[in-house]
Undergrad: 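Sending over a structure as C-alpha cells; questions will come in a sec.
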Amino acid sequence: MIVAVDGPVAAGKGTLARRLAAHFGFAYLDTGSLYRATARKVLRAGSDPHDVEAAVAAARSLTPEDLTDPALRDEAVGEASSVVAVVAEVREALLGYQRRFAAEPPENAPGAVLDGRDIGTVVCPDADVKFFVSADVEVRARRRFEELRDRGVSADYEAVLADLRRRDERDKGRAAAPLKPASDAHLLDSTNLDIEAAFRAAKDIVASRL
Ligand code: C5P
C-alpha cells in the first residue's frame, strides 16, 4: 500500500503523513528532507544553491546520515532547498531512493507514506491513495510563524508570508515536476480544518482501500 501526500509548504501534510503512517504501521518518508539535505550540503561546501553542478553533485552523494542533520529545518536551508529542487538532474538523482522506499519499505512495513510535492504525480503515479493538502497562504504563514516562535526562533510574520509565497511560486512554476494535485488525488483543504479532522477523513479513505 503506497500513500502519497502532497501539498505546499506548511499546509500540514507532514503531520498528516506521520499520523497516517503511525496509525497503519506504515513506513514514512519526508521527501523534502532529501532536497533539504542536498541544499545543506551545497551551503556547507560554501557553494551557491543556484550552482547547478554543485547541486547535482550534492544530490548524487547523499548518505543516510545527511538526512538526520537537525540543521535541515533551518529557514535558510528550506529556502535553498526550493532552489536546488528546480534542477531536473537533482530530482532525477533523488528519484530512485524514493521509489525503492515506496516499493520496499524499511523493516518490511506493510505500506509506505511519502510526503512531498510530486509524489502522486511523478514519484509514485500508481500510489494506492493520493492526498493533496492545501490551505490559504495567510493561514499557512500564521502556522509557520507560530511554530518558529514556539521553537524560540525570532521571526517576522510578513517575512514568513513573503518567504512562503516565494517558495510556492518556485514549486508551482518550475518545469520539472511542478507542485500540482494529481488528477486522482483527494483534496484536503486545511484552512478551516484542524489536523485531527483532516486525519480522520484521510484515515477513513486509506482504511477503505485496505
Ligand atoms: O517539504 P519541505 O518544505 O521540507 O521541502 C523543502 C523543499 O523541497 C520544497 O520547498 C520543495 O521545493 C522541495 N521538494 C520538492 N519535491 C518534493 C519534496 C520537496 O521539490 N517531493
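This is a predicted model, so every value here is computed, not measured. What you see below is based on every heavy atom in this structure, not just the backbone, and it leaves out hydrogens, waters and symmetry mates. In listed order, ligands and their atoms are each counted from 1.
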Undergrad: Is there a path of hydrophobic side-chain contacts, each under 4.5 Å between heavy atoms of I, L, V, M, F, W or Y residues, that connects V83 with V52?
TA: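 Each belongs to a different hydrophobic cluster.
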Undergrad: Hey, does the side chain of R18 reach the backbone of A21 with a donor-acceptor pair shorter than 3.5 angstrom?
TA: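 Judged by distance alone, no pair lies under 3.5 Å.
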Undergrad: Report, in ascending order of atom number, the atoms of ligand 1 lying under 4.0 Å from any heavy atom of K13.
TA: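 Under 4.0 Å from K13, ligand 1 has these atoms: 1 (O).
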Undergrad: Decide whether R143 and S190 meet the rule of one side-chain donor and one side-chain acceptor closer than 3.5 Å.
TA: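 A pair is found: one side chain offers a donor N or O, the other an acceptor, under 3.5 Å apart.
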Undergrad: Below 4.0 Å, non-hydrogen atoms only: which portion of S82 touches ligand 1? Side chain, backbone, both or neither.
TA: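 The answer is both.
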Undergrad: Answer yes or no: does an N/O atom from D171 fall short of 3.5 Å to an N/O atom of ligand 1?
TA: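 Checking ligand 1 against D171, an N or O pair does fall under 3.5 Å apart.
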Undergrad: Below 4.0 angstrom from a heavy atom of D118, which ligand 1 atoms are there? Numbered from 1 as shown, please.
TA: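 Once the distances to D118 are compared, the set is 16 (N), 17 (C), 21 (N).
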Undergrad: Which heavy atom of the protein is the closest neighbour of atom 14 (N) of ligand 1, given with residue, atom name and distance?
TA: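 Looking at atom 14 (N) of ligand 1, the protein heavy atom closest to it is Y35 CD1, 3.6 Å.
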Undergrad: Any chance you could lay out the salt bridge (charged side-chain N to carboxylate O under 4.0 Å, His left out) test for D163 and R166, step after step, and finish with the verdict?
TA: CA-CA 5 Å; D163 178 58; R166 198 167 50 241; 3.2 Å; yes
Undergrad: Go through ligand 1 atom by atom and flag the ones less than 4.0 Å from a non-hydrogen atom of R91.
TA: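 So the answer, numbered in order with elements, is 15 (C), 16 (N), 20 (O).
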Undergrad: Give the cluster check for V3 versus I195: same hydrophobic cluster or not, with ILVMFWY residues linked at side-chain heavy-atom distances below 4.5 Å.
TA: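 Linked, V3 and I195 end up in one cluster.
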Undergrad: Working note: D66 + T63, criterion side-chain hydrogen bond (donor to acceptor under 3.5 Å, both in side chains); need CA distance, chi angles, decisive distance, verdict.
TA: CA-CA 5 Å; D66 292 325; T63 62; 3.2 Å; yes
Undergrad: Residue-level breakdown please: for R144 versus ligand 1, do any non-hydrogen atoms fall below 4.0 Å on the side chain, on the backbone, on both, or on neither?
TA: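 The answer is neither; R144 stays 4.0 Å or more away.
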Undergrad: Please say whether D30 places an N or O atom under 3.5 Å from an N or O atom belonging to ligand 1.
TA: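 It does not: no N or O of D30 is found under 3.5 Å from an N or O of ligand 1.
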Undergrad: Checking a contact table here: which protein heavy atom is nearest atom 4 (O) of ligand 1, and how many Å away?
TA: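 Result for atom 4 (O) of ligand 1: R36 NE, 2.5 Å.
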Undergrad: Counting both backbone and side chain atoms, is some N or O of D115 under 3.5 Å from an N or O of ligand 1?
TA: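 Such a contact does not occur with ligand 1.
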Undergrad: Return the residue, atom name and 0.1 Å-rounded distance of the protein heavy atom closest to atom 13 (C) of ligand 1.
TA: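 For atom 13 (C) of ligand 1, the nearest protein heavy atom comes out as A85 CB, 3.7 Å.
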Undergrad: Could you check atom 6 (C) of ligand 1 against the protein and tell me its nearest heavy-atom contact, residue, atom and distance included?
TA: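 It is S81 OG, 3.2 Å.
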Undergrad: Between D69 and R36, is a salt bridge (charged side-chain N to carboxylate O under 4.0 Å, His left out) present by the stated rule, with each step listed?
TA: CA-CA 10 Å; D69 187 339; R36 287 172 179 269; over 6 Å; no
Undergrad: Considering only the protein, which heavy-atom contact is closest to atom 3 (O) of ligand 1, and what is its distance?
TA: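 Its nearest protein heavy-atom neighbour is R167 NH2, 2.9 Å.
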Undergrad: Sort out for me which residue in K180, R91, R99, K130 forms a salt bridge (charged side-chain N to carboxylate O under 4.0 Å, His left out) with D118.
TA: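 Option passing the salt bridge (charged side-chain N to carboxylate O under 4.0 Å, His left out) with D118: R91.
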Undergrad: Any ion pair linking R73 and D30 (charged N to carboxylate O, less than 4.0 Å)?
TA: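 Yes, D30 and R73 are salt-bridged.
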Undergrad: For R170 and ligand 1, answer yes if some heavy atom of the residue is under 4.0 Å from a ligand atom, otherwise no.
TA: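 Judged by the 4.0 Å heavy-atom criterion, R170 does not count as contacting ligand 1.
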Undergrad: Look at atom 1 (O) of ligand 1 and find which of R117, R166, E79 reaches it with the closest heavy atom.
TA: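 Nearest heavy atom to atom 1 (O) of ligand 1 lies in R117.
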Undergrad: For residues Y35 and R117, is any side-chain donor paired with an opposing acceptor at under 3.5 Å?
TA: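 Note: Y35 and R117 side chains miss the donor-acceptor criterion.
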Undergrad: Where is the nearest protein heavy atom to atom 18 (C) of ligand 1: which residue, which atom, and how far?
TA: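 Looking only at protein heavy atoms, the one closest to atom 18 (C) of ligand 1 is T31 OG1, 3.4 Å.
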